Amino acid sequence: MNITVLNGPNLNLLGKREPEIYGLTTLVDIERQMRDLIKDANATLDFMQSNKEYELVDAIQALLGKESQFIILNPAAFTHTSVALRDALQATKIPFIEVHLSNIYAREDFRKKSYFSDIAMGTISGLGANGYLLALNHLLNHTK
Ligand code: DQA
């Protein structure tokens, strides 16, 4: 199984960015914790962050046709805007889990609309950095 973790805009600033909302854990910490978790599993992990929508679209398209491929996706602000990313996921049919550090349903109204939730395997929102680990744990233990 290969799991690709995709992170959208401004998540490179985790740890410094509005820590009262997003916590103090950095993206490097999250990647390290995920790599620890898969250490003994029969799985590989690719991890990327981009502030550019087209780079995320290209990363999804590059996975087209791969066997046993899953995505853990925090689209960040693109959650609420990106038909292009949604289309890429639908075009490639790669199963994915949507993750948000904050609870997007307990914030501004514009964050309540996600272009991904209805086509995701599931969505984890509001559990901080642990959401990434829960998503990974699910893929490792509950999917084939
Ligand atoms: C986020 C929530 C989004 O609304 C926001 O634009 C982000 C991060 C989260 O992880 O809580 O950048 O996806």
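None of these values were measured; they are calculated from a predicted model. For ligands, and for the atoms within them, numbers begin at 1 and follow the listed sequence.
- Of all protein heavy atoms, the one closest to atom 3 (C) of ligand 1 is His80 NE2, 3.5 Å.
- Atom 1 (C) of ligand 1 has as its closest protein heavy atom His100 ND1, 3.7 Å.
- Using a 3.5 Å distance cut-off with no hydrogens or angles, the side chains of Glu53 and Asn51 do not pair a donor with an acceptor.
- Contacts of Ile21 with ligand 1, taken as heavy-atom pairs under 4.0 Å, are absent altogether.
- Under a 4.0 Å N-O distance rule, the pair Arg86/Asp118 qualifies as a salt bridge.
- Looking only at atom types and distance, the side chain of Asp87 has no donor-acceptor partner in the side chain of Tyr115 under 3.5 Å away.
- If you look at Ile104 next to ligand 1, the close heavy atoms, those under 4.0 Å, all belong to the side chain.
- A cation-pi arrangement is absent between Lys112 and Phe110, since the terminal nitrogen or guanidinium carbon is not both under 6.0 Å from the aromatic centre and inside a 45° cone about the axis.
- Using a 4.0 angstrom heavy-atom cutoff, Phe78 does not count as in contact with ligand 1.
- In terms of polar-atom proximity, Arg17 is counted as a contact of ligand 1, with an N or O under 3.5 Å from an N or O of the ligand.
- With hydrogens and angles left out, the side-chain atoms of Glu98 and Ser114 include a donor and acceptor closer than 3.5 Å.
- No donor-acceptor contact under 3.5 angstrom links the side chains of Arg111 and Thr79, judged on distance only.
- Between Thr79 and ligand 1, not a single N/O pair is under 3.5 Å apart.
- Nearest-heavy-atom check against atom 9 (C) of ligand 1 across Leu101, Leu11, Asn10 picks out Leu101.
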Intermediate values then yes/no, side chain to side chain donor-acceptor pair (under 3.5 Å), Tyr132 and Asn7: CA-CA 11 Å; Tyr132 286 83; Asn7 292 284; 2.6 Å; yes
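- The distance from ligand 1 to the heavy atoms of Ser102 drops below 4.0 Å at these ligand atoms: 2 (C), 9 (C), 11 (O).
- When heavy-atom distances to ligand 1 are checked against a 4.0 Å cut-off, Arg111 comes that close only through its side chain, counted from C-beta outward.
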